[in-house]
Participant: 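Just dropping this structure here.
Treat the numbers as computed from the prediction; the structure is a model and nothing was measured. In this chain, residues are counted from 1 in sequence order.
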Amino acid sequence: MLASWVGAASAEPPVLRIVAPANQSMPMLRLDGHRPVDGVLKDLGELLAQRLGLSPVFIALPSKRAGPAVASGAADLLCYVKPEWLDVQVLWTQSFLSGTGIIAAGPNAPPVSRLHDLRDEPLGTVLGYRYPVIDQAFNQAIRREDVADAETNLRRLALGRLHFVVTDRAALAYYLKANPTAALREVLEVEHYQLGCALSPGKADLLQPLNKAIDRIQLDGSVAKLLARYR
C-alpha cells in the first residue's frame with residue numbers, strides 16, 4: 001500500500017508558480033483572500049500550465065514584488081506585462097496579448113484634448129504601477145493619487161473624488177458593464193501595448209515549450225475564446 005501511495009504521489013505533475021498580482025482588477029483578476037477565483041489571468045495561467053503538463057500554483061503578490069519574485073525564482077511566471085514595466089532581469093515570451101492604456105474622466109471633469117492638459121491634474125493611479133509614457137509626455141513624474149487597484153480608482157472617479165484616472169480600456173468597459181449608470185467616459189488614449197509573460201531565468205528550459213504553447217492556444221482559438229468570456 002505504501003508503494004502504491006508513493007507511486008501515485010510521484011505521478012503528480014510538477015508545478016508552475018504563477019504570480020497573481022494583488023492590485024489587478026476584473027476583467028484581469030479577482031482574488032478571494034490570496035486565491036484567484038476569476039479573471040483572464042487565472043484562466044490564462046491554468047491554460048498555459050495545462051498545455052505544458054504542469055500544475056498551476058498561484059502566488060498573490062503586490063505589483064512591486066511581482067517582477068522581483070520572478071527574477072529571483074520565488075515565482076516562475078508573470079503574464080500581461082512588458083519589459084518597460086519591470087525593472088528586473090527576466091526572460092520574455094513572445095507577445096500575444098494586447099491592451100490599451102487610457103485616461104478616464106468622471107462626470108464633472110473639465111474637457112481635455114491632449115495629455116499635456118493634465119500636467120497639473122492629480123491622476124488616479126495604482127500603487128506600484130509605472131506609467132512611463134505619461135511621465136515622458138509631461139517631462140516629469142505625474143501627480144499620482146495611488147490606490148490599491150483599478151476598480152477602486154474607477155469607484156472614486158464615479159463618486160467625484162477626482163477628475164481623471166489612468167486605467168485600461170478593458171477595465172473601464174468591464175466596470176461600466178457592471179455599473180451602467182456610472183457617468184464615466186474615456187477621454188484620451190495613452191498607449192496601445194503588446195504584452196507577453198515574464199519567465200524566471202531559472203526556468204529557461206520552459207521558454208521554448210511556453211512559446212510553442214502560446215502558438216497553439218492562439219491557433220486553436222483558445223485565447224480568443226478566453227478573452228471573449230470577459231467582454
Side-chain angles (χ1 to χ4, degrees), residues 20-31 36 38-45 63 66 78-86 95-118 121-138 142 144-198 218 223-231:
N23 30 12
Q24 280 282 8
S25 296
M26 290 294 286
M28 299 313 299
L29 190 66
R30 177 178 292 124
L31 294 172
D38 201 6
V40 171
L41 293 180
K42 173 185 177 291
D43 292 355
L44 179 63
S63 180
L78 170 65
C79 290
Y80 204 74
V81 285
K82 63 176 188 171
E84 291 83 354
W85 293 353
L86 301 181
S95 298
F96 66 107
L97 300 166
S98 62
T100 305
I102 64 166
I103 302 294
N108 301 315
V112 296
S113 59
R114 55 181 185 149
L115 272 178
H116 195 75
D117 295 339
L118 301 172
E121 282 277 351
L123 298 178
T125 49
V126 175
L127 183 67
Y129 279 20
R130 302 174 68 184
Y131 304 95
V133 171
I134 302 177
D135 285 339
Q136 185 176 9
F138 291 175
I142 63 177
R144 302 176 65 119
E145 292 279 342
D146 281 338
V147 293
D149 54 57
E151 185 177 350
T152 301
N153 254 335
L154 293 171
R155 287 201 302 266
R156 290 199 307 160
L157 194 62
L159 291 170
R161 293 178 181 171
L162 69 171
H163 288 150
F164 301 99
V165 303
V166 189
T167 189
D168 185 271
R169 182 172 288 157
L172 177 62
Y174 192 91
Y175 183 84
L176 290 174
K177 185 177 179 180
N179 303 274
T181 61
L184 306 184
R185 67 194 190 280
E186 176 182 336
V187 291
L188 292 173
E189 179 178 312
V190 176
E191 177 188 14
H192 185 73
Y193 31 73
Q194 297 299 314
L195 305 161
C197 299
Q218 288 181 292
V223 172
K225 182 178 179 181
L226 187 160
L227 295 175
R229 290 180 53 196
Y230 297 98
R231 294 196 178 109

Participant: Looking only at heavy atoms, which two atoms of Leu44 and Cys79 are closest? And how far apart?
Facilitator: CD2-CB, 4.1 Å

Participant: Considering only NZ, NE, NH1 and NH2 on the basic side and carboxylate oxygens on the acidic side, decide whether Glu186 and Arg169 come within less than 4.0 Å.
Facilitator: yes

Participant: Give, for atom CG of Leu86 and atom CZ of Arg130, the distance between the pair rounded to the nearest 0.5 Å.
Facilitator: 8.0 Å

Participant: Specify the closest pair of heavy atoms between Gly106 and Leu157, including all atoms of both residues, with the distance to one decimal.
Facilitator: N-CD1, 3.5 Å

Participant: Arg144 side chain to Val126 main-chain N or O, any donor-acceptor pair under 3.5 Å?
Facilitator: yes

Participant: Does the side chain of Val133 come within less than 4.5 Å of Tyr193's, by heavy atoms?
Facilitator: no

Participant: Considering the options Thr125, Leu118, Ile103, which one meets the side chain to side chain contact (heavy atoms under 4.5 Å, CB included) requirement together with Ile134?
Facilitator: Ile103

Participant: Taking C-beta and beyond as the side chain, do Leu184 and Asn179 meet within less than 4.5 Å on heavy atoms?
Facilitator: no

Participant: Measure across Asp38 and Met26 and return the closest heavy-atom pair with its distance rounded to 0.1 Å.
Facilitator: OD2-CE, 3.5 Å

Participant: Scan residues 156-168 for pairs that pass salt bridge (Lys or Arg N to Asp or Glu O under 4.0 Å), counting only residues two or more places apart or in two chains.
Facilitator: none

Participant: Please give me the minimum heavy-atom distance between Pro110 and Glu121, naming the atom from each residue.
Facilitator: CG-OE2, 4.1 Å

Participant: So which heavy atom on Leu172 is nearest to which on Ala104, and how close?
Facilitator: CD2-CB, 4.2 Å

Participant: Rounded to the nearest 0.5 Å, how far apart are OG1 of Thr152 and CG of Leu127?
Facilitator: 11.5 Å

Participant: Taking the side chain as every heavy atom from C-beta outward, state whether Phe164 and Leu188 have any atom pair closer than 4.5 Å.
Facilitator: no

Participant: Could you tell me if the side chain of Leu29 sits less than 4.5 Å from the side chain of Tyr80, heavy atoms only?
Facilitator: no

Participant: Please report the interatomic distance CD(Glu191) to CD1(Ile102), rounded to the nearest 0.5 Å.
Facilitator: 13.0 Å

Participant: So do the side chains of Tyr129 and Val166 get within less than 4.5 Å of each other, counting heavy atoms only?
Facilitator: no

Participant: Give every residue pair that meets the side-chain hydrogen bond (donor to acceptor under 3.5 Å, both in side chains) criterion with at least one member in residues 95-113, sequence neighbours excluded.
Facilitator: Thr100-His192, Ser113-Asp117

Participant: With distance as the sole test, does Asn23 use its side chain to make a donor-acceptor pair with the main-chain N or O of Ala150 at under 3.5 Å?
Facilitator: no

Participant: Kindly compute the distance separating CG (Asp149) from OG (Ser63), expressed to the nearest 0.5 Å.
Facilitator: 11.5 Å

Participant: Is a donor on one side and an acceptor on the other found under 3.5 Å between the side chain of Lys177 and the backbone of Arg231?
Facilitator: yes

Participant: Would you indicate whether the side-chain heavy atoms of Tyr175 and Arg155 approach each other to under 4.5 Å?
Facilitator: yes

Participant: Provide the closest heavy-atom pair for Asn153 versus Gly124 in the form atom of the first, atom of the second, distance.
Facilitator: ND2-C, 3.3 Å

Participant: Side chains of Pro21 and Met28: closer than 4.5 Å at any heavy-atom pair?
Facilitator: no

